[in-house]
Amino acid sequence: MIPRYDPSVIEPKWQQRWRDTGAHAVSEDSARPKYYVLEMFPYPSGDIHMGHVRNYTIGDVVARHLKMRGYSVLHPMGWDAFGLPAENAAIKSATHPAEWTHANIERQRLSFERMGFSYDWDRAVVTCDADYYHWGQWIFLKFWERGLVDRRRSPVNWCPSCKTVLANEQVLGEGDCWRCHSLVEKRELEQWYFKITEYAQELLDDLAELPGWPERVKTMQANWIGRSEGAEVEFEICGPDGEPTGETMTVFTTRPDTLFGCTFFLLAPEHPCVREWVAGTPYEAEVMRVVADAGRATAVERTSGEHEWSGAPTGRFVVNPVNGEKVPVWVSDYVLMEYGTGAVMAVPSGDQRDFEFARRYGLAIPPVVLADDDPLLELLAGQTERVVREVPWERAYDGPGVMVQSGSFTGTPTGKGGQGVHAVTEWLEREGRGRATVNFRLRDWLISRQRYWGNPIPAIHCSSCGLVPVPEAELPVLLPSGVDITKGQTLADAPSFFQTDCPSCGGPARRETDTMDTFTCSSWYYLRYCDARNDTAIWDADRAGYWMPVDQYIGGIEHAILHLLYSRFFTKVFRDMGLVAFSEPFTNLLTQGMVKKDGETMSKSKGNVVAPEDMISEHGADALRAYILFMAPPDKDLEWSYEGVEGMSRFLGRVWRLVHTVAADPTVGEAGDGGAADDVASATLRRERHRVVGKVTGDIARFNLNTALAAMMELVNAAYDHRKSRAEGGVGGAVQREVAQVLVRMLAPFVPHMAEELWSGVLGFEGSVHEQPWPEWDDAAARAESVELAVQVNGKVRDRLVVASDAGDDEIREAALGLEKVASLLAGSTVRKVVVVKGKLVSIVAG
RNA sequence: GCCCGGGUGGUGGAAUGGCAGACACGGCGGUCUCAAAAACCGCUGAGGGAAACCUCGUGAGGGUUCGACUCCCUCCCCGGGCACCA
């Protein structure tokens, strides 16, 4: 009598056993190769969801599998615990964020245990605990020492709902906040920055060193960093009287070769010169209207395609360095203060935006670059002086071509990055009017937040000494508990926190009351796991050196830019500090797809959430794990199906009964590769066993976890077929036993509880199945003595042919041509060609 | 507009250029049962045919090849990212 498969009994039993025996604890082991499997740690926002289940199950399969393959595997977990949701929840429930956070962490930890994840809990990190954020503050001080910390006033993104500033990366495409999706406003504030732009070039270059990352993620990072090559060009400023003053203003351009076509000059509405230049002039009213409109428009309006640009002349002029021409300075809201210098040279014939602006305000559009087939070439080829002031075109031309009306450069071939660009840049450098330069879209990382629940910035404002770092010995700066966030208080409302003495002069001073962006906490946690309990250093170099870099990182695509870019930046700084010996933290990256329901993301507001805990109660963690791996390849989105979970539950039942039957059958002999495959059915099953082990092993390596499970199902089906024929013939017990033992070991990473129960409880082995070696396989043993080939005539399969698997090409060809059906099809035509593909098919071409 | 993905049965999905649809879900039929569930055994791309078989079929159209879901070109649709970046 086979006991019913009841995960609600066996799963807790093995989870308890793993806890009791410390089954998941690891330490450095120089005798074995190491492997670091990391899944993005969760935010403890409440119960776990299917996204967590998927992410962490994938990681758990990799970790458990590689352990069986003989690796020393680091597989840690922790919590990214600072941040706004904790504050909001605390306000709602009138508790302290720490209380809410730790309660959620405990709940999530229990859920992870119920899922059977093999985490080494001794290494857990919780970022809101002082023994973790202590080192985050230490990092801040070290960055400061290295000149990578800056405090400055500039236009920043302000989320009115979160009541804090945001980094550029945290403003989404539509101009909304990454966390609450409110529209972000621009404000001019003094804030703290990490100078990530100092590493812009390296962050871009090293993407090439990451073959194990998805192309998509690398592209997104490259776009975000946004490198463009060009030149800085200096324009001399004219005074109110129109005469050159000797002062200059610099612009960035990617097309210095079009300088001769510059007919006006633009400033961003926020540019500091704007107010100064128009104050008290007839231009003031109109210019200030443009400035006010730009300030009022939200980010969305200003960047949407429908938004009409507006502009106004300032009455001032600047001098074009290449031809000495005075061009008017305008203000327009299509010029961004944040990019380049906030000032632009306008070349309407070469830039569509400038073109439209010029048409609208009646400014000249002289051609300076002509395409090879442009009819104007006839008139302008070799023409150095400007004779045509207006192009007859519908739109600007920015493609390759030849320079015209461009003084001594006329006739030079040019285009983006072309000869003309270099020629003009060299001339500018010689004349001291400009230089080749590179501009990045990437901005420095704004890390200060005006919120309570974060890591306090370890800095002190002293009226006589200025900004003073908190001395290392005084770390950590602890978050005070007496702040009533339900009343909207922050650290700035806690005098006992901010009133302090200057570490430099001893005078009364004020402690910084901003906290750090939560993304600073998650930029180095993977290193802390290597030595999580170290209270004298951030980590021990030898330990980090043993485990790092992370061999396989697994997480959501939503971190493609934010977390993954910041972590790469931190790692490069750590390298420059001598803390680590590598430049990239994550060798391989897998971005898993989302779990959806009815085509939509699961969310509370849509009411389509399937709770993992419910599924565990109903079908068991093993069925849930296997289901979520089976339904789609890990990197693709997955459509939830209750029927699918039931199907997986059925499969596990089949495995359960198969192994029980084998174990209970006294006629089933001892296993072993030498066991006789004593009949045709047994030989077939033996081959299948070798084929499937090879297939599953390869599939896991390539993250084809869905097909790995499918292959195991095929093996189970084959075993059932074999059992059927055994009932008739009664031989082949050794193969049955061998298959059962191999199957249980292969299933162990996927369904760890059931595998454990079957291994020791049913098959009667000593020790944990997870300590067993991964099953071996032999490709030769997977091959049959004979194979069936498809026989194609002119590309269509017309017959089949069974030949010995070692048959030669000639033999196969003759056999194929000798087939009755083939012969009748070939009647009256001549065979032109015969292609033999070993083990697959024969293709006969006739005509 | 630019850059990535993707488009295969009723559904989720398989296929180093080599028999399209593995595996599963759903459906249909059977065995067992008083009955049902479970389990077990079949069938299940479309059209035609009693059947053997035949024809069509991987978003559309071309191309390369003995052979294309797979490679190349043009285009359509869906998802995502970036987008006044000078």
Side-chain angles (χ1 to χ4, degrees), chain A residues 2 4 172-173 214-224 226-228 230 251-255 258 266 268 302-305 307 309 332-336 338-347 350-354 356-357 398 439-442 557-558 560-561 591 593-594 599 627 630-633 635-648 650-651 653-654 657 695 698 704 706-714 716-717 720-721 723-724 788-800 821 832-847:
Chain A
I2 296 170
R4 194 170 63 89
L172 305 181
E215 214 50 50
R216 180 155 72 123
V217 174
K218 288 190 278 187
T219 308
M220 281 165 75
Q221 289 211 357
N223 287 345
W224 186 261
R227 181 183 198 273
S228 47
V251 297
F252 173 75
T253 177
T254 55
R255 294 297 301 273
T258 63
L266 293 160
R302 214 171 138 180
T303 55
S304 85
H307 181 65
W309 306 322
S332 177
D333 57 357
Y334 77 82
V335 180
L336 305 173
E338 297 87 49
Y339 186 79
T341 59
V344 170
M345 62 176 231
V347 181
D351 180 284
Q352 188 57 23
R353 293 155 300 172
D354 298 345
E356 287 169 25
F357 193 87
D398 61 4
N439 226 298
F440 291 95
R441 209 188 78 109
L442 182 71
I557 186 77
E558 68 273 18
I561 294 170
T591 51
M594 287 191 295
Y627 159 76
F630 178 67
M631 278 304 274
D635 58 336
K636 298 267 174 59
D637 285 353
L638 181 154
E639 175 66 29
W640 180 266
S641 146
Y642 288 102
E643 292 81 6
V645 193
E646 281 162 28
M648 186 51 70
R650 269 202 296 274
F651 167 68
R654 266 166 83 76
R657 288 185 297 276
K695 163 95 173 133
N704 295 334
N706 54 331
T707 52
L709 272 160
M712 287 189 266
M713 289 173 176
E714 289 179 72
V716 170
N717 291 344
Y720 270 77
D721 287 347
R723 205 170 70 179
K724 199 172 29 168
E788 190 183 74
L789 306 180
V791 181
Q792 294 184 343
V793 177
N794 289 337
K796 280 191 199 302
V797 179
R798 296 299 183 177
D799 206 353
R800 278 154 211 292
K821 191 154 178 198
R832 295 189 194 283
K833 193 172 177 182
V834 179
V835 181
V836 176
V837 183
K838 275 262 165 49
K840 302 279 186 186
L841 55 69
V842 185
S843 180
I844 300 164
V845 190

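Every chain is numbered from 1 and lettered A, B, ... according to where its sequence line falls, protein lines coming before strand lines. Nothing here was measured: the structure is a model prediction, and the numbers come from that model. Computation of the quantities below employed the complete heavy-atom set of this structure, encompassing side-chain atoms and omitting hydrogens, waters and symmetry-equivalent molecules.
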Secondary structure of RNA chain B in dot-bracket form (Watson-Crick or G-U wobble, distances below 3.5 Å, | marking inter-strand pairs): (((((((..(((.....[....)))((((((.......))))))((((....))))..(((((..]....))))))))))))....
Specify the separation, in whole Å, of atom CZ of F252(A) and atom P of A86(B). 6 Å
Counting any heavy atom closer than 4.0 Å, what does E788(A) reach on the DNA or RNA strands: base, sugar-phosphate only, or nothing? base
Between F651(A) and R654(A), is there a cation-pi geometry (under 6.0 Å to ring centre, at most 45° from the normal)? no
Distance between C1' atoms of U16(B) and G9(B) (Å, rounded): 25 Å
Is any side-chain heavy atom of F630(A) closer than 4.5 Å to a side-chain heavy atom of M712(A)? no
P gap between A83(B) and U74(B), integer Å: 27 Å
Rounding to 0.5 Å, atoms NZ (K636(A)) and CE (M631(A)) come to a distance of 14.0 Å
Considering every strand and a 4.0 Å limit on heavy-atom distances, what is the contact class for S843(A): base, sugar-phosphate, or nothing? base
From the options C3(B), A86(B), C19(B), select the nucleotide whose nearest atom is closest to the side chain of A790(A). C19(B)
Pick the closest RNA chain B nucleotide for V835(A) and for I561(A) by heavy atoms, then say which residue is nearer the 5' end. V835(A)
Under 4.0 Å protein heavy-atom contacts per nucleotide of nucleotides 36-54 of chain B, with B for base, S for backbone only and - for none: ---SSSS----------SS
Using side-chain heavy atoms (C-beta onward) and a distance below 4.5 Å, is E356(A) in contact with R353(A)? no
Please state how far atom CG in N223(A) lies from atom C1' in C3(B), giving the value in whole angstrom units. 6 Å
Correct closest heavy-atom pair for P214(A) and T591(A) would be CG-OG1, 4.0 Å
Donor-acceptor contact present, side-chain D637(A) to main-chain M594(A), <3.5 Å: yes
Where does G9(B) land, syn or anti, given syn is within 90° of 0? syn
Separation of D398(A) atom CG from C84(B) atom P, in whole Å? 16 Å
C1' gap between C23(B) and U8(B), integer Å: 15 Å
Could you go through nucleotides 12-15 of chain B and list every protein N or O atom that sits under 3.5 Å from one of its N or O atoms, giving the distance for each pair?
| residue | atom | partner | partner atom | Å |
| --- | --- | --- | --- | --- |
| G12(B) | O2' | M631(A) | O | 2.7 |
| G13(B) | O3' | N706(A) | ND2 | 3.4 |
| A14(B) | OP1 | N706(A) | ND2 | 3.0 |

Can you name the closest pair of heavy atoms from V251(A) and T341(A) and give their distance? CA-OG1, 3.6 Å
For K796(A), report the nucleic acid contact type (base, sugar-phosphate, nothing); a contact means any heavy atom under 4.0 Å. sugar-phosphate
Taking it one step at a time, do T258(A) and M345(A) satisfy side-chain contact (heavy atoms from CB on, under 4.5 Å)? CA-CA 10 Å; T258(A) 63; M345(A) 62 176 231; 3.8 Å; yes
If you measure from the C1' atom in G18(B) to the same atom in G67(B), how many Å do you get, rounded? 7 Å
Determine, step by step, whether R441(A) and N223(A) satisfy the side-chain contact (heavy atoms from CB on, under 4.5 Å) criterion, reporting the C-alpha distance in whole Å, the side-chain angles of both residues, the deciding distance to 0.1 Å, and the verdict. CA-CA 8 Å; R441(A) 209 188 78 109; N223(A) 287 345; over 6 Å; no
G45(B) versus A52(B) - spacing of their P atoms, nearest Å: 14 Å
For atom C1', what is the distance between C69(B) and G21(B), given to the nearest Å? 11 Å
Are L266(A) and D354(A) close enough, and set up right, to give a side-chain contact (heavy atoms from CB on, under 4.5 Å), and what steps lead you there? CA-CA 10 Å; L266(A) 293 160; D354(A) 298 345; 4.2 Å; yes
Should Y627(A) and L638(A) count as side-chain neighbours, where that means a heavy-atom distance under 4.5 Å? yes
Would you kindly give the CG-to-C1' distance between L841(A) and A68(B), to the nearest whole Å? 13 Å
Rounding to an integer number of angstrom, what distance separates U70(B) and U65(B) when you compare their C1' atoms? 13 Å
Considering only atom C1', compute the distance from C19(B) to A14(B) and round it to an integer number of Å. 15 Å
Donor-acceptor pair, side chain of Y334(A) and main chain of F357(A), under 3.5 angstrom: no
Need one value for E215(A): base, sugar-phosphate or nothing, where a base atom within 4.0 Å counts as base even if backbone is also close, heavy atoms only. nothing
For the side chain of R216(A) and the base of C3(B), is some donor closer than 3.5 Å to an acceptor across the two? no
Judged by nearest nucleotide, the residue sitting upstream toward the 5' end of RNA chain B, R255(A) or V837(A), is V837(A)
Within the structure shown, what part of the strands sits under 4.0 Å from G647(A) by heavy-atom distance: base, sugar-phosphate, or nothing? sugar-phosphate
CG of N439(A) to CZ of R227(A), rounded to nearest 0.5 Å, is 10.5 Å
Once you apply a heavy-atom cut-off of 4.0 Å, does N717(A) come out as touching a base, just sugar-phosphate, or nothing? sugar-phosphate
With respect to the side chain of M713(A), which nucleotide from C84(B), A24(B), A83(B) is positioned closest? A24(B)
Passes side-chain contact (heavy atoms from CB on, under 4.5 Å), V797(A) versus V791(A)? Steps please. CA-CA 6 Å; V797(A) 179; V791(A) 181; over 6 Å; no
Among C3(B), A22(B), C25(B), the nucleotide that comes nearest once only the side chain of A710(A) is considered: A22(B)
Between R441(A) and A86(B), does any side-chain N or O lie under 4.0 Å from OP1 or OP2? no
Check the distance between A86(B)'s P and N439(A)'s CG and give it to me in whole angstrom. 8 Å
In whole angstrom, give the distance that lies between atom CH2 of W640(A) and atom P of A24(B). 19 Å
For atom CD1 of I557(A) and atom P of C82(B), their distance in whole Å: 11 Å
Return the value, rounded to whole Å, for the distance between atom NZ of K840(A) and atom P of U70(B). 17 Å
